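Everything numeric in this text was worked out from a predicted model, so none of it was measured. These numbers come from the heavy atoms of this one structure, side chains and all, not from hydrogens, waters or symmetry mates. Numbers restart at 1 for each chain; the letters A, B, ... are given by sequence-line order, proteins then strands.
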Amino acid sequence: MAPLPNKRQNLLPSGFISVREILDHKRGVGNLLNVIGVVKDFRAPVPTRRSDWKCEIRLYDNSAEDDSSNSLAINIFRPENEMPNPRLGDVIVLYHAKLQSHAETLSLVTHWTTDIYIYAANQIPRPPEGAKEALRPQPRKTTQSPGQVVHEYVSFLYHCIDKSNLPTEAEFQDMKVKSTIVTEKFKQLKDVRDGIFADVVVQLVKQPYDTGDKITLWVSDFTENDSFFHFVYTGLGAFAGQSADPEGHLATLPFGADPGTGEWKGPFGKRSMQVTCFDPHTTVIRERGLSTGSWVMLRNLQIKYGRNAANLEGFLREDRWASSLKINIVQMDVTDTESPDPHLKEAVRRKREYEREKKDQVQGIFNAAMAGKKRKSDMAEMGLPLSDKPKKKNKNRSKARKRAAEQKSSSVVSTAYSEVKCEYDNKPISTIGDILDPVYIQTDVNGNQVKLQLPFVNVNYRANVRVVNFMPPDLEDFAQPKKLTEYDILSDSEESDIELVSEGEAMVDRATAREWEWRFFLELEDANPPEDDREKKKTLWVAVNNLSAQCLLSLDASDLQQDEKNLEALRQRLFLLWGELEEKKSLEEDRKYQAALANRELNRPPPNSSDDESGSPQKQDVEPSQISNRPFTCCIHQYGVQVPEENPLKADAGEGKRWQRMFGLFGTRIAYN
DNA sequence: GGTTACCGGGGTTACGGT
């Protein structure tokens, strides 16, 4: 007969916490905890991406023994030769194990200061004798060590705990072996077949549909599977269902998205699969706020035909035999450019290819429509495109930048026009008025010829201008923390046009920003305004993105609040461009500020480079007449961005979105000594 | 100072959406 344990042995030694208390959130994540438990499962060491290896021990104690699911994992990251090798039923004493919430589950993880002691189950004496002799040798140096109180508690715990839920020795060994077998289950959606289970990396392409007990997702990895539903791209044909306004203009033009109905926004073709998720995954989708645009890994996704027996679907169910809650939906980090997941990277690359092809196709449709429908004089109004292929833009800008670098050391003749260089110096000049003129196409809607205003066209121009204003008002803010998009995960990520509101961008904190980019706006007026514009000079806001600004300034962006040298260089270059505009604007700002203080009206319109009536910076912060800065020739391109639009009649870029015409500067360089 | 990682096996609930 085993002697009854005495009272002292019965009590968890002070400084230790029970498994039950941990699972009941009695301690916060991040705390370092001391825990004593019995080994019920072990996943053998596997290499990690770093130099450490990783193994996992699952523990339970007598606070949680009546429920087989109440056990706690300790994740051990250490060099391979310091890995513990516990056996079934061994007692583990942990010091300073960090509590974490990983994969939506509470678990322990080793910390710098964690010590792990293992007592061999078959050597633990019956209480009240302490288990000191059962201690396995330590593979590494420790800072804490168990005393007699702990040794005695180990004996008590091992002999008194309910072991009926422990696996058999054979089962334990089997699980341990299986834990190292990693079969590649990853599949691209193009390769999924009826009846298989697969891991996939996909993007949510539609808002999750939540019925309470289940959530259905539409996902794509931008591969095609013949067994998926075919989403037809209606494209330009979609406006046949819309009505023209009394003047024969359509208010909107669908362009790469479906109008009004807000239904399918792509990808089109057989690239998307429906996935039905059940608990516990639904909870994660809600709590993480997964939504359109989120990239996720779905593990062990069951693939089979849906009820209509025509299209393959995915099913994400709970893991039946998992020893604890197992979450098979994991959000992917598209901002991790350091060590991007290769599957994610490939999927993002395919998405970019898909978007490029779609854009080219849509542009092609426009070009064909315009070539067929427009009179020649209309073409002249467009400002004679220098190139109508958006793809060439970057090449041209790179060339300009390269030339800028080449000419860096060359001497510059200091005349008004020669201090700013521009690409395409043999191309005709457009006026601001030309550039601002909307472009129409004649087309056939339900048998009627209507004149249709395009929301924007991808066209390049050259113009003689001078700068009359700029945004943001402080030069320090001309450089911003680099905004990350999902395409940044690709090593050949390209410059993107400045958008007013962009989706999928991760907000970057100024304090933690590693990379900076130029991002500012210039308001331009004609250097030699046409006669009819003399009374009310037309102006145009152009966005200057990072590449254009590098070309313009021959400077790289940095944190200008810290980098005074770069700020001063920026100020000098811009002086060559706009003379004393900054000083005058600053004086004007001061004057206005004083006036506003007096009037208690400090609200200012937001910065904006569009030509839209509602959104453009209408207020002239500086009177153009006061400006005596230098005229120069520059390249301007027109492009479109999507902006939120609550009015469904105006939402021509899909649900809640409208196309907004924008202008950007490119291929222009300030020469300097 | 505090990341790294998350086995196997064989699938019901629900009935919508393109």
- prompt: Can you find a heavy atom in the side chain of A:Leu88 that is under 4.5 Å from one in the side chain of A:Phe42?
  reply: no
message: Any base atoms under 4.0 Å from A:Trp53, or only sugar-phosphate, or nothing? Heavy atoms, all strands.
response: nothing
message: What's the closest nucleotide to the side chain of A:Glu318 if the choices are B:dA14, B:dT18, B:dG11?
response: B:dG11
task: For atom CG of A:Asn122, decide whether the heavy atoms of other residues, nucleotides or ligands shown that lie under 6.0 angstrom number more than 12.
output: yes
message: Between the base of B:dG16 and the ring of A:Tyr209 - centre-to-centre under 5.5 Å, planes within under 30° - is that a stack?
response: no
query: Salt-bridged, A:Arg43 to A:Glu56, with N to O below 4.0 Å?
result: yes
message: If we count only N and O atoms by modelled type, under 3.5 Å, do the side chains of A:Asp115 and A:Thr143 hold a donor and an acceptor together?
response: yes
message: Using OP1 and OP2 only, check whether a side-chain N or O of A:Arg78 sits under 4.0 Å from B:dT4.
response: no
task: Return yes if a side-chain donor-acceptor contact under 3.5 Å exists between A:Arg271 and A:Ser220, otherwise no.
output: no
- prompt: Quick one: is A:Thr211 getting a side-chain N or O under 4.0 Å of the B:dG16 phosphate, OP1 or OP2?
  reply: no
message: Rounding to an integer number of Å, can you tell me how far A:Asp41 CG sits from B:dC7 C1'?
response: 9 Å
query: Reckon A:Phe197 touches a base, only the sugar-phosphate, or nothing at all at heavy-atom distances under 4.0 Å?
result: base
field: Short N-O contact, A:Arg356 and A:Glu353, less than 4.0 angstrom
entry: yes
task: Take A:Tyr95 and A:Phe16 through the side chain to side chain contact (heavy atoms under 4.5 Å, CB included) test and state the conclusion after the steps.
output: CA-CA 9 Å; A:Tyr95 291 98; A:Phe16 285 81; 3.6 Å; yes
task: Under 4.0 Å from any atom of DNA chain B, heavy atoms only: list the residues of residues 89-98 of chain A that qualify, in numerical order.
output: A:Lys98
statement: Whole-Å distance, A:His281 NE2 to B:dT12 P, equals 14 Å
query: So which nucleotide from B:dA5, B:dG11, B:dC7 ends up closest to the side chain of A:Arg43?
result: B:dC7
- line: For DNA chain B, consecutive-pair runs of 3 or more (Watson-Crick or G-U wobble, both H-bond-type distances under 3.5 Å) give none
message: Taking the basic N atoms (NZ, or NE/NH1/NH2) and the acidic carboxylate oxygens, is any pair closer than 4.0 Å for A:Arg352 and A:Glu355?
response: no
field: Side-chain ion pair, A:Glu515 and A:Lys482, N-O less than 4.0 Å
entry: no
statement: Whole-Å distance, A:Arg49 CZ to B:dT3 C1', equals 8 Å
- line: Side-chain atoms of A:Phe278 come closest, of B:dT4, B:dG16, B:dA14, to B:dA14
task: Could you pull out the closest heavy-atom pair between A:Ser272 and A:Val205, with the gap in Å?
output: OG-CG2, 4.1 Å
query: B:dA14 C1' sits how many Å from A:Glu313 CD, rounded?
result: 11 Å
- prompt: What nucleotide, of B:dT18, B:dA5, B:dG11, holds the atom closest to the side chain of A:Lys54?
  reply: B:dA5
- prompt: Atom CG of A:Asn300 to atom C1' of B:dG11: distance rounded to whole Å?
  reply: 9 Å
Spacing of A:Asp279 atom CG relative to B:dA14 atom P, expressed in whole Å: 13 Å
query: Which is true for A:Val177 with a 4.0 Å heavy-atom rule: it touches a base, it touches only sugar-phosphate, or it touches nothing?
result: nothing
- request: Please work out if A:Asp213 contacts a base, only the sugar-phosphate, or nothing of the nucleic acid, heavy-atom cut-off 4.0 Å.
  value: sugar-phosphate
- prompt: A:Lys326 side chain N/O closer than 4.0 Å to the phosphate oxygens (OP1, OP2) of B:dC7?
  reply: yes
field: Nearest-nucleotide pick for A:Lys214, side chain only, options being B:dG9, B:dA5, B:dG16
entry: B:dG16
query: Cationic tip of A:Lys265 within the cone over A:Phe231's six-membered ring, i.e. under 6.0 Å and within 45° of the normal?
result: no
message: In this structure, how many angstroms lie between the P atom of B:dG9 and the NZ atom of A:Lys178, rounded?
response: 6 Å
message: Using a 4.0 Å heavy-atom cut-off, does A:Ser107 contact any base of the nucleic acid, only the sugar-phosphate backbone, or nothing at all?
response: nothing
- prompt: With nearest nucleotides of DNA chain B determined for A:Lys304 and A:Thr216 from heavy-atom distances, which residue corresponds to the more 5′ nucleotide?
  reply: A:Lys304
message: Rounding to an integer number of Å, can you tell me how far A:Asp210 CG sits from B:dG17 P?
response: 15 Å
